[in-house]
Amino acid sequence: RCGPACGGSHPRADQPSFRFVPHLGEIMYAYIIGKVTYASLGAVVLENNGIGYQIFCSAKTVAAISGAKEAKLHTYLHVKEDAFVLYGFLTEEERAIFMKLISISGIGPKMSLQILSGMDEKTLAISIVTGDSKALSKIKGVGKKTAERIILELRESINAEQTEAMEAEGKSVDSGRCEPLSEVEKDTISLLQSLGVPKAKAEKAVATAIKEASSLEDVARLALKNL
């Protein structure tokens, strides 16, 4: 049966391209702004023009909205044979990595929300890029095999986004040094940019992190803390 957001016939959306900010053409409802009438147990209800939209969210999103009078959620309409289900996200980046996760065979929307409830989207992306299956498997409901499959399926696509996000210039602009950037520094800066961090800010954070770490995983984690 149709959910509260259904307005008629809804064709199935094409498979999303691997981008952190997906094209609006891939999403039927880009976002919904409304009065918060319910926020608990993995879902919120936003009332807009007399219609209450039930939207399923990660625990992080529900917690952020709980207590608010009004909220804006970036949304994704999941079309099934017997239902139309809305999923909501605080940011476009959270929605985009959710869409990546549901593209993996065997990982549906509920599991994807559970993953995003256990790890924010930036940390999740870094764990995937660095192949940190141990960190992923700590998330409730995600075993070792599932963690390894997520890395196998998404690592290449996220790395491709890094390349698209920044053409490596080979020199640091904001760190005040003249020597070429190392591959770890360039990869980390690209990764941060693919997550929506401005180039100058990413370079500054990496310049600080590289003084204390050498591996991509460690530099990326320290850089995130420096943002």
Side-chain angles (χ1 to χ4, degrees), residues 14-27 30-31 58 60-61 74-76 87 89-104 107 112-113 115-133 135-136 139 142 147-175 180-210 213-227:
D14 292 335
Q15 286 293 331
S17 59
F18 286 135
R19 295 174 182 167
F20 269 92
V21 181
H23 289 301
L24 291 180
E26 298 164 353
I27 301 166
Y31 59 84
S58 67
K60 179 187 70 175
T61 296
H74 301 276
T75 53
Y76 173 76
Y87 294 91
F89 313 91
L90 286 177
T91 66
E92 291 182 89
E93 289 78 16
E94 185 187 18
R95 174 177 61 189
I97 202 162
F98 168 87
M99 292 172 69
K100 287 177 180 293
L101 288 168
I102 64 174
S103 73
I104 301 173
I107 298 182
S112 298
L113 284 187
I115 292 171
L116 287 168
S117 294
M119 185 178 287
D120 69 83
E121 61 270 22
K122 291 184 178 181
T123 304
L124 176 60
I126 288 175
S127 296
I128 292 170
V129 168
T130 58
D132 192 353
S133 60
L136 291 175
I139 300 172
V142 179
E148 290 175 346
R149 189 165 79 253
I150 291 171
I151 291 170
L152 178 65
E153 293 281 348
L154 300 184
R155 188 174 192 173
E156 185 177 339
S157 70
I158 294 177
N159 273 322
E161 290 172 357
Q162 296 177 41
T163 302
E164 184 179 342
M166 184 185 77
E167 291 293 329
E169 296 180 358
K171 291 183 181 292
S172 173
V173 174
D174 298 310
S175 62
L181 292 169
S182 68
E183 289 301 314
V184 168
E185 288 173 291
K186 288 189 287 187
D187 288 345
T188 308
I189 290 169
S190 296
L191 174 60
L192 293 178
Q193 282 195 278
S194 74
L195 296 173
V197 179
K199 180 180 178 182
K201 193 172 182 180
E203 287 185 338
K204 185 176 180 180
V206 171
T208 301
I210 199 68
S214 57
S215 69
L216 173 61
E217 179 180 356
D218 291 339
V219 172
R221 292 189 187 283
L222 284 172
L224 275 176
K225 292 180 179 179
N226 292 333
L227 291 174

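What you see below is based on every heavy atom in this structure, not just the backbone, and it leaves out hydrogens, waters and symmetry mates.
Using a 4.5 Å cut-off on side-chain heavy atoms (C-beta onward), Ile115 and Ile150 make contact. The side-chain heavy atoms of Lys100 and Ile128, taken from C-beta on, include no pair separated by under 4.5 Å. In this structure, Leu154 and Val129 have side chains that are not in contact, with every pair of non-hydrogen atoms separated by 4.5 Å or more. The side-chain heavy atoms of Leu192 and Lys201, taken from C-beta on, include no pair separated by under 4.5 Å. The side-chain heavy atoms of Glu153 and Ile107, taken from C-beta on, include no pair separated by under 4.5 Å.
The two residues Ala209 and Val219 make their nearest non-hydrogen contact at CB-O, 3.6 Å. The two residues Val142 and Ala147 come nearest to each other via the heavy atoms CG1-N, 3.9 Å. Taking all atoms of both residues into account, the shortest heavy-atom contact from Ile139 to Gly118 is CG2-CA, 4.2 Å. The two residues Leu113 and Ser58 make their nearest non-hydrogen contact at CD2-N, 3.7 Å. Summarising the geometry of Phe89 relative to Leu116, their closest heavy-atom pair is CE2-CD1, 4.5 Å, with the distance given to 0.1 Å. The two residues Thr188 and Ala220 come nearest to each other via the heavy atoms CG2-CA, 3.7 Å.
The distance from the CG atom of Leu224 to the CD1 atom of Ile126 is 3.5 Å, given to the nearest 0.5 Å. In this structure, the separation between CG on Leu152 and CZ on Arg149 is 9.5 Å, given to the nearest 0.5 Å. In this structure, CG in Leu222 is found 9.5 Å from CD1 in Ile210, a value given to the nearest 0.5 Å.
Checked against side chain to side chain contact (heavy atoms under 4.5 Å, CB included), Thr91 has the following partners two or more places apart in sequence or in another chain: Glu93, Glu94, Glu121. Asp132 is linked by a side chain to side chain contact (heavy atoms under 4.5 Å, CB included) to Ser127, Thr130, Lys134, Ala135, Glu217, Arg221, counting only residues two or more places apart in sequence or in another chain. The side chain to side chain donor-acceptor pair (under 3.5 Å) test applied to Thr208 returns no partner, not counting sequence neighbours.
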Exercise for review: Dump the intermediate steps for side-chain contact (heavy atoms from CB on, under 4.5 Å) on Ile189 and Val197, then the final yes or no.
Suggested key: CA-CA 9 Å; Ile189 290 169; Val197 179; over 6 Å; no
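Side-chain atoms of Arg95 come within 3.5 Å of backbone N or O of Ala30 as a donor-acceptor pair.
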